[in-house]
Amino acid sequence: MMPAARESLLDAAFTALARRPWPAVRMVDVAASAGVSRQTLYNEFGSKEGLARALVRREADAYLAGVERALAASADPCDRLTATAEWTAAAARDNALVRALLTGCWSERLPAPALAAAPSSSTVPAQRRADGPLPTPGDLVRLVRDRAVTVLGGPAAGQADGSALTRSCEMVVRLALSCVAAPPDEGGIADLVRDALPRQLA
């Protein structure tokens with residue numbers, strides 16, 4: 001199957017999930033919405049669990065791509081970290097799957113695939129990747145922290161685990177997660193990040 005067709009199936013699944021709880025989403029309806037046969041859907045994802053894993057993997061990847069964009073948005077370190085924190089809070093607010101990935105809180109409305117790798121016999125490379133381990137909240141904190149450290153301090157900076165930069169980047173990610181749980185007033189994330197960062201970064 002072409003990647004665009006796979007994406008259209010994932011889009012159809014995401015749209016269906018916005019309308020009804022995952023247990024009520026039917027594979028036949030996802031296939032019909034994407035304009036393919038149910039057999040084509042099963043050939044691509046293997047099962048409803050395989051579809052769920054692929055959907056969760058796609059949303060995790062999209063969140064991390066947004067982190068990359070946020071970190072590239074400015075030359076100023078504080079602005080980069082503020083943009084990353086704001087993106088994290090916005091992505092979690094607007095996307096229930098991203099919120100669940102970041103917090104580990106999976107409601108009954110959502111698919112909740114096991115985060116451990118699933119046995120895979122798929123010949124589809126993208127599905128084999130989706131069948132691999134899915135990121136935990138801790139994994140995402142580390143991925144975002146380490147990416148921020150590398151962008152702000154260069155490749156060597158990431159090797160100093162206890163460095164001030166590493167601690168600052170992790171603190172900003174965790175601050176953003178606290179804003180997911182308890183959103184601050186409008187514009188509040190930028191002020192929180194600036195107040196929390198050491199003077200040399202802020």
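Along the sequence shown, residues are numbered consecutively beginning with 1.
Every side-chain contact (heavy atoms from CB on, under 4.5 Å) that Ala12 has, sequence neighbours left out, goes to Val30, Ser33, Ala34. For Arg129, the salt bridge (charged side-chain N to carboxylate O under 4.0 Å, His left out) partners at least two apart in sequence or on another chain are Asp61. Here Ala117 pairs with Pro133 under the side-chain contact (heavy atoms from CB on, under 4.5 Å) rule; sequence neighbours left out. Evaluation of the side-chain hydrogen bond (donor to acceptor under 3.5 Å, both in side chains) rule for Asn43 yields Gln39 as partners, not counting sequence neighbours. Residues satisfying the side-chain contact (heavy atoms from CB on, under 4.5 Å) criterion with Ala126, sequence neighbours excluded, are Arg6, Val124. For Val173, the side-chain contact (heavy atoms from CB on, under 4.5 Å) test picks out Val141, Val144, with sequence neighbours left out. Among residues two or more places apart in sequence or in another chain, the side-chain hydrogen bond (donor to acceptor under 3.5 Å, both in side chains) test is passed with Ser37 by Thr40.
Listed by first then second residue, pairs satisfying side-chain hydrogen bond (donor to acceptor under 3.5 Å, both in side chains) with a partner in residues 106-122 read Ser120-Asp131, not counting sequence neighbours. Identified under the side-chain hydrogen bond (donor to acceptor under 3.5 Å, both in side chains) test for residues 8-24, with sequence neighbours left out: Asp11-Arg58. Applying the salt bridge (charged side-chain N to carboxylate O under 4.0 Å, His left out) definition to pairs two or more places apart or across chains, none involves residues 92-105. For residues 170-181, every residue pair satisfying the salt bridge (charged side-chain N to carboxylate O under 4.0 Å, His left out) rule, not counting sequence neighbours, is listed here: Arg145-Glu170, Glu170-Arg174. For the side-chain hydrogen bond (donor to acceptor under 3.5 Å, both in side chains) condition, no pair includes a residue of residues 47-57, sequence neighbours left out.
Taking 4.5 Å as the limit, some side-chain heavy atom of Phe14 sits within range of a side-chain heavy atom of Asn95. Taking 4.5 Å as the limit, every side-chain heavy atom of Val67 sits out of range of all side-chain heavy atoms of Leu143. When side chains are defined from C-beta on, Leu51 does not count as touching Gln127, because their heavy atoms never get closer than 4.5 Å. For the pair Leu64/Leu140, a side-chain contact is recorded, criterion being any heavy-atom separation below 4.5 Å from C-beta on. Looking only at side-chain heavy atoms (C-beta outward), Leu55 and Phe45 stay at 4.5 Å or farther from each other.
A salt bridge links Arg142 to Asp139: at least one charged side-chain nitrogen sits closer than 4.0 Å to a carboxylate oxygen.
With rounding to the nearest 0.5 angstrom, the CG atom of Leu101 is 9.5 Å from the OG1 atom of Thr136. Residue Thr88 holds its OG1 atom at 7.0 Å from CG of Leu177, rounded to the nearest 0.5 Å. Between Ser168 atom OG and Leu81 atom CG the span is 8.0 Å, to the nearest 0.5 Å. Once rounded to the nearest 0.5 Å, the distance linking OG1 of Thr82 with CG of Asp191 reads 9.0 Å.
Looking at Ser178, its side chain does come within 3.5 Å of a backbone N or O of Leu175 through a donor-acceptor pair. Under a 3.5 Å cut-off, the side chain of Glu86 and the backbone N or O of Ile189 do not form any donor-acceptor pair.
Closest non-hydrogen pair, Ala52 versus Pro111, comes out as CB-CB, 3.7 Å. Of all heavy-atom pairs between Thr123 and Pro125, the closest is O-CD, 3.4 Å. Taking both residues in full, the closest heavy atoms of Ala100 and Leu110 are given as CB-CD1, 3.8 Å, listed atom of the first, atom of the second, then distance. Considering every non-hydrogen atom in both Tyr63 and Trp87, the closest pair reads O-NE1, 2.9 Å. For Val180 against Ala89, the heavy-atom pair with the smallest separation is CG2-CA, 4.0 Å. The nearest pair of heavy atoms linking Leu71 to Val151 is O-CG1, 3.9 Å.
Counting non-hydrogen atoms of neighbouring residues, nucleotides and ligands closer than 6.0 angstrom, the CZ atom of Arg26 reaches no more than 12 such neighbours.
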